[in-house]
Number of protein chains: 2
Amino acid sequence: MSDIDRPSKTSTSGSDGERARTRLSMVDVAAHAGVSLGTVSNVLNRPELVAERTQRRVRSSIAALGFVPNAPARQLRGGRSRTVGVVVREIGSPYFSEILPGLESKLAKEQFLLMVCSSDDSPDKEAYYLKTLEEHRVAGILISPAGDDIEHLIALRQRGVGVVLLDRLGVGSQLCAVAVNNVQGGDLAGDHLFSLGHRRIGFLNGPSTVRQCADRREGLHRAARRAGLDPDEAISEITLSVLNAQGGETGLAQLLDDERRPSAIFCINDMVAVGVLRDLEKRGIAAPGEMSVVGYDDVEFAALLSPALTSIRMPKQQLGQAAAELLVTDFRADDNHWHQEIVFQPELIIRASTAPPPTSGQAS
Amino acid sequence: MSDIDRPSKTSTSGSDGERARTRLSMVDVAAHAGVSLGTVSNVLNRPELVAERTQRRVRSSIAALGFVPNAPARQLRGGRSRTVGVVVREIGSPYFSEILPGLESKLAKEQFLLMVCSSDDSPDKEAYYLKTLEEHRVAGILISPAGDDIEHLIALRQRGVGVVLLDRLGVGSQLCAVAVNNVQGGDLAGDHLFSLGHRRIGFLNGPSTVRQCADRREGLHRAARRAGLDPDEAISEITLSVLNAQGGETGLAQLLDDERRPSAIFCINDMVAVGVLRDLEKRGIAAPGEMSVVGYDDVEFAALLSPALTSIRMPKQQLGQAAAELLVTDFRADDNHWHQEIVFQPELIIRASTAPPPTSGQAS
DNA sequence: GAGGGGAATTGAAACATTTCAACACCCGCA
DNA sequence: TGCGGGTGTTGAAATGTTTCAATTCCCCTC
């Protein structure tokens, strides 16, 4: 139990000189079956052109030799590939891991293989991955962009790569996109807190270069104004560099140090909220008694936290599926293709982490 | 808020006749720069052979034309590719999404691209993906196998594809493997419960065709015997077909119907435990007062459940990283390569979901 | 002024496919 | 007997690279 960091390495027998030197090619199959190269290809790609008898012969040669077609070579001549790239901002986040299954199931059905990349919110790493994916001649790319600028994605599209924005709208609709209305999400959260009577709320946001973050802030401000408050007065925003539980803890510390401590906190995602809740408990501050907390994304376990987390639900499964569908139709629509934007609406899920502020002030 | 299922589709302007017809190749670059094809290739692959002046000329032609190398063609001639396949059992599970980052970061550093596949525990789907990955000539495959049989993986290895078992040991060490000792994990959980005084525990297990499940059961039985109990008496095992919260709820229902209701439940993973906790609360059964619960995996949010979940921690980050490292050395070790198995030890994390049984019976 | 040697460049073969025009064969019909 | 028309099959070109032996060029030395 204590040697968790000291894995037991067990080097065991078995040097393998067995690695196949050279792979078999269709030429070998053709020779073995006594037919021409073209016929083997036809058996594989247009069997209706080949006589029954010949087909059987070729197929049994394939099986006998253990021939495995070479997809790259195939693609070289044939053109399009059956591969799509997925570039997410943080592969480990529950948010993306709840989107991925929707993507995967849809694309697997269409026989696509997924190349999954994590930009870790770095535009450089994103650029590197995009370049690499383009070199691999993927049929399309699903991406949740790291930065605000998406010119490079439009250019990519013009070079013939299908592009669908995930969780983000394009500018001037030059790209297909699937997104959730983040302004609305921020508004819902703010509206909920303000109408509970909160007059000053902390906002643990991500960098505003991330579009989602900027949008949610806008929604939050809108809700404040609608409640008759000055956003700059009512909202104390802190920019986190890491959007996980750790970030939530450091953000909370800053908010508590504030001379005008807020009575509620809106967190940019559920992981941040988790950190806040965890730290509130450690500090002996009651939630929601002394401090209300709202999360974002409504990941699967949000309902199971203590207290159960009020959050903004994103239809993640649908998001993934819709994106995959858009990409697939993008392929099919050979020429005159119209860019589509699908916008889902988020939903406020009220649970146990929000309540009116301790000394319910001047409610409007 | 109510139209979450009715996304607003906004078809907008922009049919693009812009799609590039034919891609440029190195031949075009060569022509533009006034050099031969071979020189362009050298600039890209062995710049030390090419004169400064020429390099500059070629590079500026590449930039001017917007040339993008063709990775498949490259691979065709060059041999090995920079792609690895990852086949997990359930892409959406928090368990795998906590392993993936470790893999990704390590392999990204080595300039590999990840093809991620989800077998959904179906050997057929797994076989399909393995075939497809092999056709793509991936350099290697990291896999958490769906079934017990891994002969096909050994064969794959012999055909020259690097294979590393993830979260599972091979038989007779014919493959590299990274795993956590599951027998030990089951033992830890059982030992904890039995020494708390529980004499009958429910075990929500997965299908025993899954090796991990069989191993954990073995550990659990071992702990029972060590506590002087007959495993068949002391353990009431239920096989779940789906290992998520839903499965946990249905499993709990069965355990409660049992004429000899257990006083504790050991769940095959944390998601199942989540379902159990959720349903216990719904039924008004106190945890851990009336029913103790132990999870497995110790996913990130286990500590945040209510009550905080006692669980078996797997070093997931390290698991991913170690697997990636093993695969990379597998590539480098050209010939006489020794298969390595790295076994991590799990750790019991005691939190608030376990306690002595209500009427502490005859403690040994 | 001839020859040697190193650096830079070239040309062609090779990689494993797909595609397509051309060919062979067989059958029925005039 | 010759001929048209399928149906199957073939051969060769094309795809975008890498690799490597061969070649050119230039400078230096004797």
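Letters A, B, ... mirror the listed sequences (proteins, then strands); counts begin at 1.
- Across its full length, the helix from C:dG1-D:dC30 to C:dA30-D:dT1 shows an angle of 70° between the axes of its 5 terminal pairs at either end, rounded to 10 degrees.
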Show me the protein contacts with nucleotides 17-19 of chain D, counting only N or O atoms at under 3.5 Å.
{"residue": "D:dT17", "atom": "OP1", "partner": "B:Asn70", "partner atom": "N", "Å": "3.1"}
{"residue": "D:dT17", "atom": "OP2", "partner": "B:Met26", "partner atom": "N", "Å": "2.8"}
{"residue": "D:dT18", "atom": "OP1", "partner": "B:Asn45", "partner atom": "OD1", "Å": "3.3"}
{"residue": "D:dT18", "atom": "OP1", "partner": "B:Asn45", "partner atom": "ND2", "Å": "2.9"}
{"residue": "D:dT18", "atom": "OP1", "partner": "B:Arg74", "partner atom": "NE", "Å": "2.8"}
{"residue": "D:dT18", "atom": "OP1", "partner": "B:Arg74", "partner atom": "NH2", "Å": "3.4"}
{"residue": "D:dT18", "atom": "OP2", "partner": "B:Ser41", "partner atom": "OG", "Å": "2.9"}
{"residue": "D:dT18", "atom": "OP2", "partner": "B:Asn45", "partner atom": "ND2", "Å": "3.1"}
{"residue": "D:dT18", "atom": "O2", "partner": "B:Arg77", "partner atom": "NH1", "Å": "2.5"}

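- Under the ring pair (Phe, Tyr, Trp, His ring centres under 6.0 Å) criterion, the residue pairs touching residues 104-126 of chain A are A:Phe112-A:Phe331, with sequence neighbours excluded.
- Contacts of B:Ser105 classified as side-chain contact (heavy atoms from CB on, under 4.5 Å), with partners at least two apart in sequence or in another chain: none.
- Separating the CD1 atom in B:Ile91 from the CG atom in B:Leu100 is a distance of 7.0 Å, to the nearest 0.5 Å.
- Listed by residue number, A:Val50, A:Ala51, A:Thr54 are the residues of residues 50-63 of chain A with a heavy-atom contact under 4.0 Å to DNA chain D.
- Remark: A:Glu151 engages no residue in a salt bridge (charged side-chain N to carboxylate O under 4.0 Å, His left out) (not counting sequence neighbours).
- Scored by the ring-ring contact (aromatic ring centres under 6.0 Å, His included) test, B:Tyr129 finds no partners at all (sequence neighbours excluded).
- The residue among B:Thr39 and B:Leu76 whose nearest nucleotide of DNA chain C lies closer to the 5′ end is B:Thr39.
- Pairs engaging residues 133-145 of chain A under the side chain to side chain donor-acceptor pair (under 3.5 Å) rule: A:Arg89-A:Ser144, A:Glu134-A:Arg159, A:Glu134-B:Arg23 [sequence neighbours left out].
- Take A:Arg59 and apply the salt bridge (charged side-chain N to carboxylate O under 4.0 Å, His left out) test, not counting sequence neighbours, and it matches no residue.
- One atom, CD of B:Gln75, and another, C1' of C:dC15, lie 11 Å apart when rounded to the nearest Å.
- The side-chain contact (heavy atoms from CB on, under 4.5 Å) check on A:Asp148 picks up A:Arg168, A:Arg211, with sequence neighbours excluded.
- Partners of A:Ile99 according to the side-chain contact (heavy atoms from CB on, under 4.5 Å) rule, which considers only residues two or more places apart in sequence or in another chain, are A:Tyr95, A:Phe96, A:Leu103, A:Leu166, A:Lys316, A:Leu319.
- Following rounding to the nearest Å, B:Leu49 (CG) and D:dA21 (C1') show an atom-to-atom distance of 14 Å.
- Contacts of B:Lys125 classified as salt bridge (charged side-chain N to carboxylate O under 4.0 Å, His left out), with partners at least two apart in sequence or in another chain: A:Glu104, B:Asp120.
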